[in-house]
Amino acid sequence: MKMFLLAAILMTGFLSVSAQPQSTAGIDPSAPVMTFKQDTIDFGTVKQGTKVEMDFVFKNTGKTPLIITSAEGSCSCTVPNYPKEPIAPGKSGTIHVVFDSANKMGLQHKTATIISNNGDGNIVLHLNGTIVTP
C-alpha cells in the first residue's frame, strides 16, 4: 500500500511539472513567427489509393523574414512542399501537403514537420482521416 501511495504521489508531482507552460525567456523578440490559420486538417473518409492534397496557410507575424529550410513528412506517403523564398513580416505563405493513401487502411494520423528560423522552433502540422477499401 505504501508503494502504491508513493507511486501516486510521484506521478502527481511529475504530471504537475510536465503540464507547466514553456518559458519564452530565450526567444528572440525580433524572430519570425509562423502563425497558422489551422495546424490540423481532417480530410474525412477517402477510398484507398486516393491522393489527398491539403494546404496549410500561415502568416509571418514576427519582425524579421521567415526562412523555411526544409519540411519532412512522417512517412514517404506524406510529402510537404513549402515556399523556398523568405516570407517577409506580415506576408503569408502556404505549405502544400500530399498524402498518398495507397496501402493504407483505417484511421490515419500523419504529420509534416516544418524546419525554419521560426522563433518558437519547428512546427508540426497534422493530417487526420480514414481510409476505406474501394
Exercise for the section: Report yes if the side chains of Cys77 and Lys104 come closer than 4.5 Å at any heavy-atom pair, otherwise no. Expected result: yes
Completion exercise
Here the side-chain hydrogen bond (donor to acceptor under 3.5 Å, both in side chains) pairs for residues 31-45, sequence neighbours left out, are Thr35-Thr61
Exercise for the section: Measure from the side-chain N and O atoms of Asn117 to the backbone N and O of Thr69, and report whether any donor-acceptor pair falls under 3.5 Å. Expected result: no
Practice task
Indicate the atoms forming the closest heavy-atom contact of Gly49 with Ser101, along with that distance.
Solution key: N-OG, 2.9 Å
Problem - Hydrophobic cluster partners of Val97 (side-chain heavy atoms under 4.5 Å) - result: Met34, Phe36, Ile41, Phe43, Val46, Val52, Met54, Phe56, Phe58, Leu66, Ile68, Tyr82, Ile87, Ile95, Phe99, Ile114, Ile123, Leu125, Leu127, Ile131
Problem - Residues in side-chain contact (heavy atoms from CB on, under 4.5 Å) contact with Val79, at least two apart in sequence or another chain - result: none
Problem - side-chain contact (heavy atoms from CB on, under 4.5 Å) partners for Ser74, two or more places apart - result: Thr78, Lys110, Thr111
Practice task
Only counting residues at least two apart or in another chain, list the ones meeting side chain to side chain donor-acceptor pair (under 3.5 Å) with Asp55.
Solution key: His96
Exercise for the section: Specify the closest pair of heavy atoms between Pro89 and Gly62, including all atoms of both residues, with the distance to one decimal. Expected result: CB-O, 3.4 Å
Practice task
State, to 0.1 Å, how close Pro86 and Ile67 come at their nearest heavy-atom pair, and which atoms those are.
Solution key: CB-CG1, 4.1 Å
Practice task
Measure the OG-CG distance between Ser70 and Asn122 for me, rounded to the nearest 0.5 Å.
Solution key: 8.0 Å
Fill in the blank from the handout: Interatomic distance, OG1@Thr130 vs NZ@Lys47, rounded to 0.5 Å, equals 15.0 Å
Practice task
Could you pull out all residues at least two apart from Ser76 that satisfy side-chain contact (heavy atoms from CB on, under 4.5 Å)?
Solution key: none
Problem - Short side-chain to backbone donor-acceptor contact, Ser30 and Lys63, under 3.5 Å - result: no
